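Comments concern the structure below.
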Amino acid sequence: MWKIEQPLENRNGVLHLGGVNLLKLAEKYGTPLFVTDEARIRQNYRTIRNAFARRWNKFKIFYAVKANNNISILNILRQEGAGADCSCVPELQLASLSKFKMEDILYTGNYNSNDELKEAAQMGVTANLDDISILDRFAKFGLPESICFRINPGFGKGGFEKLVFAGPDAKFGITEEVAKKAYAKAKKLGVKKFGIHMMAGSSVLDADYFGQVTERLFQIGKSIAESVGIEFDFVNIGGGFGVPYKPGDEDLDIERVAQEVTERFKGQFESSSNPPYLYAEPGRYLVCDSTVLLSRVHAVKFTGKKFVGIDAGMNILLRPALYGAYHQMYVVNKLDVQKREKVNVVGQVCENSDILAKDRDLPFIEEGDLIAILNAGAYGYSMSSNYNTRPRAGELLLNNGEEFLIREREDITDILDRQRIPGRLLK
Ligand code: LLP
């Protein structure tokens, strides 16, 4: 069993987040509800920034918007000094609306359309291109000042097999050979500044891996720089920093990650008069443990096993169904209940993969109990859907005991919003 740690607290048997009673929030705002502690996001940001910037001062964090695209969260991270890494035009628009400066925005798309490339070129953001063929199309919309390509370093690591983004079967990045041609072409076109990027996997708890994959990127980068005759202005090591999800997972040692990565930078560039910037693009690490998902138990069924039915199924939190991901849970109103049992926690969607926890040891659960699902801040809301015609959840932000509803729960109007019906079908 996990220890309940800040920003979570056990007060008289009831789970609190950021000092606020979660039972009361669920009563006031309804469920399912994502509840985020602002201080925790700021703390996570500073943990990474301090660890790296202390060792390599040309360091910048670009928050990966796909992890959680709520604009209040984008604004919190902008206030902290982060840039934004965007995967598509709507994310670029969100970053721009959240007042990130254009020079603080990266565009890391893949298999981009011409329309997307045109928008990005017009906005003037720095693009991480996923292929030489994309350079051809991108440059038609104006020659960018700087260009960066995403390298496939040949190996990666991920919390699940599906979260490994490098190696022969990865749809991302380009090999050293293709990259040499791509940079040579960009140079020939007249591009003056160059970056190099990788994003080799997500949800990694092994600190040593980050040094190893950076080393590989450096080998590739060196070979490109020498053969093409360019220097890199920035080296972007991507995201991937993991958080503990299940009992037995250890915290990722960020100091060690920073040490391992910056050692490679020092080895390569210490004597250089103009060493490159080190960029990182964390998503999960910044927001994941800031947020719990509150979900009500609506039905309890005994049929060989005990099934606990909650209102946050795979439509609200997809990760367990998609990856078999483990999310720690607490019964908010029963922290001190001694009687325990093993149950399957399931959602209300008509799919048998709609299971949040299998044979999970929890306090004795009854209808009306409230469940808190931990680590719901990254790839939670952002991967939710309207499947089974269910409205998406609300999002609430807590700051020093104050509550602010940062996204209202959807209802039927959101489901109908864009639908049109031909007149002949109304008869
Ligand atoms: N940069 C790029 C280009 C990315 O594609 C991603 C995530 C990140 C940065 C941030 O990665 P992070 O620091 O969060 O690991 N849906 C999965 C995670 C997929 C990550 C996709 N790319 C999950 O629920 O675990």
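Fair warning: this is a prediction, and the values are worked out from it, not measured in the lab. All heavy atoms count here, side chains included; hydrogens, waters and symmetry mates do not. We count ligands from 1, going down the list as the structure has it; atoms in each ligand are counted the same way.
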Sorted by chain and residue number, the side-chain contact (heavy atoms from CB on, under 4.5 Å) partners of Ser202 (sequence neighbours excluded) come out as Leu163, Phe165, Met199, Arg284
Between Phe160 and Tyr323, what is the ring plane arrangement, given parallel below 30°, perpendicular above 60°, and tilted in between? parallel
message: For Ser295 and Asp311, which I'm curious about, is there any donor-acceptor pair between the side chains at under 3.5 Å?
response: yes
Hits for ring-ring contact (aromatic ring centres under 6.0 Å, His included) against Tyr379, two or more places apart or cross-chain, chain-then-number order -> none
Which protein N or O atoms sit under 3.5 Å from any N or O of ligand 1? Give atom names and distances.
unit_1, atom_1, unit_2, atom_2, d
ligand 1, 1 (N), Glu281, OE1, 2.5
ligand 1, 5 (O), Lys66, NZ, 3.1
ligand 1, 13 (O), Gly240, N, 2.8
ligand 1, 13 (O), Gly283, N, 2.9
ligand 1, 14 (O), Arg284, N, 2.8
ligand 1, 14 (O), Tyr379, OH, 2.6
ligand 1, 15 (O), Ser202, OG, 2.5
ligand 1, 15 (O), Gly240, N, 3.1
ligand 1, 16 (N), Tyr323, OH, 2.7
ligand 1, 24 (O), Arg319, NE, 2.6
ligand 1, 25 (O), Arg284, NH1, 3.0
ligand 1, 25 (O), Arg284, NH2, 2.8
ligand 1, 25 (O), Arg319, NE, 3.2
ligand 1, 25 (O), Arg319, NH2, 2.8

In terms of heavy-atom contacts, Tyr245 and Ser203 come closest through CE1-OG, 3.9 Å
Notebook entry, point to check: Could you give all pairs that pass the side-chain hydrogen bond (donor to acceptor under 3.5 Å, both in side chains) test and reach residues 74-85, with sequence neighbours left out?
Noted result: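 Passing the test, one end in residues 74-85: Arg42-Gln79, Arg42-Glu80, Arg46-Glu80, Asn75-Arg78, Asp85-Thr108.
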